[in-house]
Amino acid sequence: QVSLVESGGGLVPAGDSLRLLCVASERTGSMGWFRQAPGKEREFVAAIRLRDGTTHYTDSAKGRFTISRDLTKRTLYLQMNNLKREDTAVYYCAASNSLLIHDASIVYDYWGQGTQVTVSS
């Protein structure tokens, strides 16, 4: 069983930045970030293939968010810039044994507990 622990969430004003972190207990093939706002379904944000760093983003994240990884630290990052009220959600780290980059939650094998991001104003 792979464990994932997210951190870095918080309450920030619109336009600010946050960096989320996810520490994994062991290496997988690909990882991603999802988010879930109150009353809404969990949605894809970004994913990365760990081996070569290939990334994929949802349209709302392009140009503002950057997913990256530090393999030596087994850590996944999500740098979020120019945050908007619409970004408010619980952000979840996910990992897949597959080397393919997926945007569907059902293909991910492991999930973290989530970290809250709240954007005010």
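Just so it is clear, the values below take in all heavy atoms, side chains as well, and ignore hydrogens, waters and symmetry mates. Bear in mind the structure is a predicted one, so any value in this text is a computation, not a measurement.
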Remaining members of the apolar cluster that contains Val117, side-chain heavy atoms under 4.5 Å: Val2, Leu4, Val12, Leu18, Leu20, Met31, Trp33, Val45, Ile48, Leu50, Tyr57, Phe65, Ile67, Leu71, Leu76, Leu78, Met80, Leu83, Tyr91, Tyr110, Val119
According to side chain to side chain donor-acceptor pair (under 3.5 Å), who are the partners of Ser17, at least two apart in sequence or on a separate chain? Asn81
Under a side-chain separation threshold of 4.5 Å, the hydrophobic residues clustered together with Leu21 are Tyr77
Output every pair passing salt bridge (Lys or Arg N to Asp or Glu O under 4.0 Å) with a member in residues 87-98, not counting sequence neighbours, ordered by first then second residue. Arg35-Asp87, Arg64-Asp87
Would you mind listing the cluster partners of Tyr108? Hydrophobic ones only (ILVMFWY), side-chain contacts under 4.5 Å, chaining allowed. Phe34, Phe44, Val90, Tyr92, Ile106, Val107, Trp111
Salt bridge (charged side-chain N to carboxylate O under 4.0 Å, His left out) partners for Lys62, two or more places apart: Asp59
Tell me, please, which residues at least two apart from Arg74 pass salt bridge (charged side-chain N to carboxylate O under 4.0 Å, His left out). none
Could you list all the disulfide bond (SG atoms under 2.5 Å apart) pairs where at least one residue sits in residues 84-121, not counting sequence neighbours? Cys22-Cys93
My understanding is that only residues two or more places apart in sequence, or in another chain, count here; which of them pass side chain to side chain donor-acceptor pair (under 3.5 Å) with Ser98? His102
If a pair satisfies salt bridge (Lys or Arg N to Asp or Glu O under 4.0 Å) and one of its residues is in residues 4-27, list it, with sequence neighbours excluded. none
Quick one: hydrophobic cluster around Leu100, which other residues, with the 4.5 Å side-chain cut-off, linked directly or via members? none
Residues that Thr58 engages under side chain to side chain donor-acceptor pair (under 3.5 Å), provided they are two or more places apart: none
